[in-house]
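Before any comments, here is the structure.
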Amino acid sequence: DYRALMTVKIAALGKETAAYVKEKKLWVDLVAGKASMAGLAKESTFTRKRGLKIFMPMAADGRGDFVAAHASRHKLFADAFYKKVFIKQGDQEVGKIQNKKVDWIIFFSPSAVDSFLENFKKDDGVKFLQEANIAVIGKTTAAYLKSLGVVPMAIAKSPNVKVLIQACL
């Protein structure tokens, strides 16, 4: 029952998450300026205080930037509530991906990049991406691709689909 959360302070990673929480008739007390766990970790609400009790439902394979930044400062309950599942495609499906001519490949998260690359042999996936037009939902995904040697052609100025589409046009 969502009503049990009425007295709890809620932080959201970005505007889209905050809007979803508000649809559930809950109040969002803080929207991170940068829509990522690293961005949330830098918010003054968490950096200027000590001893806060913070519960974080996370992906089992989440990056944990917030936990790393605040484990010694606050009492954190960072529990895995879901797991991102990568779907492995067969060699035949990967061949279809490599041979299909597309105008854009769009990634919405670093984990989506990882999932995509899991389907290729060693460096083949990165080489494929280096030759494609890549669009990403935000700076975090762009930075991740750049760390792999892939430069996105379009980066949404704010992390939402409408802005991403505009960046591709």
Side-chain angles (χ1 to χ4, degrees), residues 10-23 28 30-43 46-47 56-71 76 78-169:
I10 297 175
L13 288 184
K15 294 175 187 174
E16 299 290 321
T17 303
Y20 179 79
V21 171
K22 288 176 183 176
E23 284 176 16
V28 176
L30 170 71
V31 179
K34 182 178 177 188
S36 68
M37 290 298 265
L40 186 63
K42 293 177 183 172
E43 291 290 335
F46 304 112
T47 59
M56 299 176 54
M58 300 176 58
D61 48 351
R63 295 192 0 214
D65 296 335
F66 187 94
V67 174
H70 293 292
L76 302 178
D79 294 322
F81 269 69
Y82 63 97
K83 184 174 183 180
K84 296 177 243 171
V85 178
F86 297 147
I87 299 172
K88 183 79 171 151
Q89 300 290 331
D91 289 340
Q92 193 172 26
E93 287 81 8
V94 171
K96 289 178 188 175
I97 293 168
Q98 288 174 311
N99 294 326
K100 189 181 280 187
K101 297 292 183 196
V102 295
D103 293 318
W104 290 94
I105 299 174
I106 299 175
F107 290 110
F108 291 92
S109 69
S111 60
V113 174
D114 287 339
S115 178
F116 182 82
L117 293 175
E118 283 286 320
N119 288 288
F120 290 86
K121 293 179 182 142
K122 196 138 183 171
D123 297 323
D124 290 351
V126 170
K127 287 177 188 171
F128 177 75
L129 292 178
Q130 288 171 333
E131 296 172 7
N133 289 326
I134 307 295
V136 295
I137 194 77
K139 295 175 187 174
T140 301
T141 307
Y144 184 69
L145 277 164
K146 288 175 186 175
S147 76
L148 299 174
V150 178
V151 179
M153 299 291 288
I155 303 168
K157 290 183 179 169
S158 63
N160 71 60
V161 175
K162 288 179 185 175
V163 175
L164 177 61
I165 292 169
Q166 290 171 348
C168 292
L169 298 176

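When a residue number appears, it is its place in the shown sequence, counting from 1.
At least one side-chain heavy atom of Leu148 sits under 4.5 Å from a side-chain heavy atom of Tyr144. In this structure, Phe107 and Asp114 have side chains that are not in contact, with every pair of non-hydrogen atoms separated by 4.5 Å or more. In this structure, the side chains of Val28 and Thr17 stay at 4.5 Å or more apart for every pair of heavy atoms. Using a 4.5 Å cut-off on side-chain heavy atoms (C-beta onward), Ile137 and Ile155 make no contact.
Shortest non-hydrogen contact noted between Ser111 and Ser109 is OG-OG, 3.0 Å. Closest heavy-atom contact between Thr140 and Pro110: CG2-CG, 4.1 Å.
Looking at His70, its side chain does come within 3.5 Å of a backbone N or O of Ala41 through a donor-acceptor pair.
Taking CG from Leu30 and CG from Leu40, the interatomic distance works out to 6.0 Å, rounded to the nearest 0.5 Å. Interatomic distance, OG1 of Thr47 versus NZ of Lys42, reported as 11.0 Å (0.5 Å rounding). For the atom pair CG of Leu145 and CD of Gln130, the computed distance is 10.5 Å after rounding to the nearest 0.5 Å.
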- Task: Check the pair Asp124, Leu117 against side-chain contact (heavy atoms from CB on, under 4.5 Å), reporting the backbone distance first and the verdict last.
- Result: CA-CA 8 Å; Asp124 290 351; Leu117 293 175; over 6 Å; no
- Item | Ile106/Val136 under side-chain contact (heavy atoms from CB on, under 4.5 Å): CA gap, chis, key distance, verdict | CA-CA 6 Å; Ile106 299 175; Val136 295; over 6 Å; no
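Here the options are Ile134, Val150, Thr141, the test is side-chain contact (heavy atoms from CB on, under 4.5 Å), and the partner is Val113; only Thr141 passes.
Between Phe128 and Phe120, the angle of the ring planes stays under 30°, which puts this pair in the parallel group of the 30/60° scheme.
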